[in-house]
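For reference, the structure is listed below as structure tokens.
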Protein chains: 2
Amino acid sequence: MAITQSGSAPPVTAAQRILDVAEQLAQTRGFNGFSYADVAAELSLTKASLHYHFPSKADLGRALIERYHQVFLGALEEIDRRIPAADARLQRYVDLYDSVMRKNRMCLCGMLAAEYTTLPAAMQDQLRRFFDANESWLATVLDDGRAAGVLAFRGTARERAQMVLGSLEGAMLVARAYDDGPRFRAAATLVLSDLRADPA
Amino acid sequence: MAITQSGSAPPVTAAQRILDVAEQLAQTRGFNGFSYADVAAELSLTKASLHYHFPSKADLGRALIERYHQVFLGALEEIDRRIPAADARLQRYVDLYDSVMRKNRMCLCGMLAAEYTTLPAAMQDQLRRFFDANESWLATVLDDGRAAGVLAFRGTARERAQMVLGSLEGAMLVARAYDDGPRFRAAATLVLSDLRADPA
DNA sequence: GTCTATACAGCGATAGAC
DNA sequence: GTCTATCGCTGTATAGAC
């Protein structure tokens, strides 16, 4: 029995490894900022091998967003499952962003939003669906929190959700230019503090 | 006397026209999302002519940020000159961003922030200086407003300035993916409303 | 499923005529 | 200051052997 990939450990497929590397590159350099050659070099493969798994770069991009979206949805469901209070849920949501920042990455979809006009139509649609899902989840949490009296804020829950989403993406965007994780966390803390019902 | 460029009208130099086109492209497609060929085609020039004015693309990029920064500083000085109240100054600041959105563009420096890791070092430095200038101006206005009693917010003025800057950049970033100007304005309104001293 | 080899377009950049 | 022409490199993508 081999030491690696023993028992019930899920096999790490080539496609997964390619997506891992491509994701890291897309989150740091942008979708237009990396090439098949970059991914191939990192994996000690050839460009032709990558094209076997993802025929075109648009295919790769679609797989990238799809997986990212799925993982994100899974994380949101776990928050819903384990955390009851709305304000605590929001903190966990911010922590998801923070864990990305700590890897010196930008949110994949925030990065792709900057490149929006240059992306294939399919990726543009996926991107909006990702933001829509975030916004809907946030709106529900905000609504629940306001109803429960633990949150208080101006505007509708949906407007507020859009504002929180944009604020977190923007805080990451700017903080990354300073390579400054604490800067992101301070900004995120202020965004959340503006949602608190209690004074001071 | 000619109808165009008569009297004291400043001459529009070739370099200016190049910067105008490059700026529009950089704000919509990103610095890595356009080429000399794109600019040349738009101006009915050849790539070689562009290289006469801006030998390398890094030179062009530096000129782009420098001009953008200067124009922005000019706009801030005009706000300081004409608008006394801190809250009104902030609204004018938001209007500057909004005027960019209305041209279906992203803030040049927000866009470049996404591409940060791929930019020449000189452009990276300029970018941070642009954000620093924004942050300093905002921090001063926020401080003044709080002292005057027209603004109230959690956190230090500097932390708050960073948060506001990031929130506006992020709101633009996401709203542009929806081609939705009102979405940006709604988010910006909420950011400002969280700074108001008066309740409701 | 990975390789070698290659096609072809686009990129930034330069030389030199006008 | 703009042009034609071209260079060297990198990009995405494909064909076909193994």
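Per chain, numbering begins at 1; letters A, B, ... match sequence-line order.
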Q: Side chain of B/Ser56 only, please: which of D/dT12, C/dA13, D/dG11 is the nearest?
A: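 Output: C/dA13.
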Q) So does A/Gln124 have more than 12 non-hydrogen atoms from other groups sitting under 6.0 Å from CD? A)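 Above 12, so yes.
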Taking [atom1] from [X] and [atom2] from [N], how many angstroms apart are they, rounded to a whole number?
{"X": "A/Tyr36", "N": "C/dT6", "atom1": "OH", "atom2": "C1'", "value": "18 Å"}
{"X": "B/Lys57", "N": "C/dA13", "atom1": "NZ", "atom2": "C1'", "value": "13 Å"}
{"X": "B/His51", "N": "D/dC7", "atom1": "NE2", "atom2": "C1'", "value": "12 Å"}

(Q) Looking at C/dG10, I'd like to know if its phosphate oxygens (OP1 or OP2) sit under 4.0 Å from a side-chain N or O belonging to B/Ser35. (A)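 False: B/Ser35 side-chain N/O out of range (4.0 Å or more) of C/dG10 OP1/OP2.
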Q | Electrostatic pair A/Asp98:A/Arg185 at N-O distance under 4.0 angstrom | A |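 Salt bridge flag = yes for A/Arg185 with A/Asp98.
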(Q) If the threshold is 4.0 Å, N to carboxylate O, is there a salt bridge linking A/Arg92 and A/Glu78? (A)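 The answer is no: the pair does not qualify as a salt bridge.
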Q. For residues 152-185 of chain A, which residue pairs qualify under ring pair (Phe, Tyr, Trp, His ring centres under 6.0 Å), counting only residues two or more places apart or in two chains?
A.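 Found none.
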**Q.** Candidates B/Asp143, B/Asp80, B/Asp95 - the one meeting salt bridge (charged side-chain N to carboxylate O under 4.0 Å, His left out) with B/Arg89
**A.**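 That would be B/Asp80; it is the only one of B/Asp143, B/Asp80, B/Asp95 passing the salt bridge (charged side-chain N to carboxylate O under 4.0 Å, His left out) with B/Arg89.
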Check nucleotides 1-5 of chain C for protein N or O atoms closer than 3.5 Å to its own N or O atoms and list the pairs.
from	atom 1	to	atom 2	distance (Å)
C/dG1	OP2	A/Tyr52	OH	3.1
C/dT2	OP2	A/His53	NE2	2.7
C/dC3	OP2	A/Thr46	N	2.8
C/dC3	OP2	A/Thr46	OG1	3.0
C/dC3	OP2	A/Ser49	OG	2.8

Q) Which class fits the ring pair A/Tyr93 and A/Phe72: parallel under 30°, tilted 30 to 60°, perpendicular over 60°? A)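 Correct class here is perpendicular.
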Q.
For a quick check of understanding: with a heavy-atom distance under 4.0 Å over all strands, which category does B/Phe34 fall into, base, sugar-phosphate or nothing?
A.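 Since only primed, P, OP1 and OP2 atoms lie under 4.0 Å of B/Phe34, the category is sugar-phosphate.
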